[in-house]
Amino acid sequence: TIVTQIRKMGSSCDWSREKYTLDEERNLAVNEMFRMMLEDGIIERGYRVVNWDPVFKTTLSDDEVVAQETTAQLLTFTYDADFPISIATTRAETKFGDVAVAVHPDDKRYKKYVGKTFEPVFCGKKLLIKIVADEAVDPNFGTGAVGVTPAHSMIDADIASRHNLESIQVIDQNAHMMNAGVSYNGLTTIEARKKIETELKKNGLLQKSETVPQNIPTAERGGGLVEQLPMRQWFIRVNKPFRLRQATLKKWKKGDRVTLKELMKEAVASTQIRILPNQFEKIYFHWIDHLRDWCISRQIWFGHRIPVWYRGEEIKFSIESPGAEWEQDPDTLDTWFSSGMWTFSTLGWPEQTQELKTYHPTAVLETGYDIIFFWVARMILMTVYALGEIPFHDVYLHGMVRDEQGRKMSKSLGNALDPLDLIPKYGTDAVRLSLLIGTTPGQDLKLSEEKIAGFRNFTNKLWNIGRFILMQIESSGTADTKTIADKWILARLTEVTASVTKKLEQYEFSSAGEELRDFTWSDLADWYLEIAKVEKGKADILKQILETILKLWHPFMPFITEQLRAMAEFSEPLIIAPWPLVKKEHAPKEFEKLRTLVSDMRRFRAEQKIEPAKRIRFSLCADQLLARFVTENIEWIKRLANAETIDLVNQIPGNWNSCATANGIIGLDLKQSADKSEHVKTERELKEITDYIQSLEQKLANQEFVSKAPARIIDGIKEKLTDAEVKRSALAKRIKLLNGQAE
RNA sequence: GGACGUUUAGCUCAGUUGGUUAGAGCGUUCGAUUCACAUUCGAAAGGUCGCAGGUUCGAAUCCUGCAACGUCCACCA
């Protein structure tokens, strides 16, 4: 299903190199990695406290444990009546495994007990409790004394190792009690906890029972309560120095002693790897700082076998059975062990293949921020360790796709959108656009069908633009000279090409797509193609534009663009066609003036409630330069404004309605009188423009502003002021006119 | 408890190094239908830029504090 999804989404993968994490070649690489790490002493077998999932009956790495907020009862009590120190816990059942009580070394309350040993009877079981002093204890929390349970707490195990304490397991792999005395053995942890509280209360040992907020560890996959238990497992030691097999990361030479943590840190700290957006670098470093040894053995069937064999206490690395008397380790490796090798195990490693030389390191890893620890960090660890170089230069992290209410997509909520359902409905290109445009790197994205439908409309637009241009290419010839509109669109095309290219290089996919869309829909379709219906002879230009936008759109919309390309008979498939040339050019300003003029004319007619279909007579009072451009482009301006005529005049006839704009005054021949709302509106506009002029004048009157602001800003304001004053006088004239009509 | 992110139009989000009257899409309102496209076209309305201070000639943008929401990390037993 996943492969189908990836293919349907139009991912441009090299499918000839598709690999499977559990195939034979990958197994070879995994075994080799295990052998190397074992040899270097980084992989070790040990009896330690691990995360145990009693539901799936397997160990978990720290990253697969998820804290869940609940409340718990914090009990304050003493083991028995003769024990001099009170302790507090939310997990009373583990107290059967206590071997010590730890206090802070400076805590005067308990100084006299430190070093002494007690033999209290806790709920029927005799304990051997040593009082130890340890910096890890917070004297201000609870009673300032902690019961130490080395078998069921990683931090207690640390304390125990500092004080040479033994470890007594009291919870088994089914989360049932053991070594807890006959009345407790076999109970679940929860049952035991309740029973202990009752018993302590009955014996007058319970001093306090309060409800406190608590985070309990749960399994990421099954959701079950995770127990910390001592077990014999395989670990990758992250803080243990080893000798490098080769020069590494441009910093260390062969034979230097380093730790895996140092390797992981250096790869990013040296900027050989960039993580984008870069706030995730901080998260990455923080994770490394708190990283503990990685438990890599799992008690599940699905995975790479651990390639070691046992004969009694003897351990031997071997892929094949070394003999009948040897038994293989029944466990498998954490799936991220093999996934962490992906960037090079897929290229034939440990063989020094041509592929490895050619494609490693790769340029970009693109993935979701939720697996930065599981996968990204592990790939860096594995690659730097085994090859001495980085796996990739840039890590681009995208956000999570959420539903329209911002909730995580989940099967149980039924709010998941499957691309395979969306594609037949809206088309692949529309689905792709909805994931690209309007998203920010590393930021979650709310996806809805409405949004996809919006992009479906755009794909349809592009399709029709393509069809229209193809028709034009066939039917219209090529003119000898370029019009203002031609020069403008070609300049805009190069501008947009340069800008989009730059944005793609900087991973600004959303902004690139938005700019392309605006150009395609607005500049090209709404303006230039409309003009092309009037000004004929644009076959060559249209062809050039089509070819360029198809190339620019192709990474976003591979299907529609490629189909149009084929219809246009442009020679190369877009996926291998060269990217359009990036040139520096600026769009001529004249066209923008004409475009604004047409918009103003349209707005004026709409305000005057003139039917869009009605062709009307305009007059225009403008400066000489603009008048010349209008004359040169009169045909398409008439068409786009739906004007019958546009007369260039020195003054708008007295009985016409007029409207002041930045480009002059537009007059409208209309027998029907303007309605009252126009009067009100004009008054309002006059007030707005007067206020605006005032604010500009204030700025210019401000000595500090004039002396400190850069000249271009001041000039800009002066220019605006001139324009605004022209507009104000026109509005004033118009109000006079309207008043005159009213009389 | 620590860190990070978000807060801008009814909704989803842009807003580059502080500098014109803060933008887009969707939605809304008004209007348009032979002419590539109603999956369309034209026009309009709509914003105390989360709050409070500060820096500056000038703040959505920089600084400080606060609030709400979210995420990650963290074994106060």
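Worth knowing before you read on, the calculation uses all heavy atoms, side chains too, and leaves out hydrogens, waters and symmetry mates.
Between F285(A) atom CZ and F280(A) atom CZ the span is 14.5 Å, to the nearest 0.5 Å.
With RNA chain B read from its 5' end, the first of the two nearest nucleotides for M471(A) and E404(A) is the one closest to E404(A). Along RNA chain B, the nucleotide nearest N702(A) and the nucleotide nearest D526(A) are compared for position; the residue whose nucleotide lies closer to the 5' end is D526(A).
Considering only the side chain of I155(A), C75(B) comes nearest among G19(B), C75(B), C13(B).
Contacts of W521(A) with the nucleic acid, taken as non-hydrogen atoms under 4.0 Å apart, involve only primed sugar atoms and P, OP1 or OP2.
D429(A) and R456(A) are not joined by a salt bridge, as no carboxylate oxygen comes within less than 4.0 angstrom of a charged side-chain nitrogen. Between D403(A) and K446(A), none of the side-chain N atoms (NZ, or NE/NH1/NH2) sits under 4.0 Å from a carboxylate O, so this pair counts as no salt bridge. For R91(A) and E93(A), the salt-bridge test passes: some basic side-chain N is under 4.0 Å from an acidic carboxylate O. Looking at D63(A) and R292(A), no side-chain N of the basic residue comes within less than 4.0 Å of a carboxylate O on the acidic one, giving no salt bridge.
Nucleotides G70(B) and G50(B) are separated by 15 Å at their C1' atoms, to the nearest Å. Straight-line distance between the P atoms of G19(B) and C35(B): roughly 46 Å, to the nearest whole Å. Comparing U6(B) with U21(B), their C1' atoms are spaced 28 Å from each other, to the whole Å. Of the P atoms belonging to A67(B) and U48(B), the separation is 25 Å, rounded to the nearest Å.
Scanning atom types as modelled, no donor and acceptor separated by under 3.5 angstrom connect the side chain of K614(A) and the base of A32(B). Taking only distance into account, the side chain of K461(A) meets the base of C37(B) through a donor-acceptor pair shorter than 3.5 Å.
Atom P of nucleotide C37(B) and atom CZ of F468(A) are separated by 10 Å, given to the nearest angstrom.
Taking a pair as Watson-Crick or G-U wobble with both distances under 3.5 Å, the runs of three or more consecutive pairs in RNA chain B are B:1-7 with B:67-73, B:10-13 with B:23-26, B:28-32 with B:40-44, B:50-54 with B:62-66.
Residue K446(A) has a polar side-chain atom (N or O) positioned under 4.0 Å from OP1 or OP2 of C13(B).
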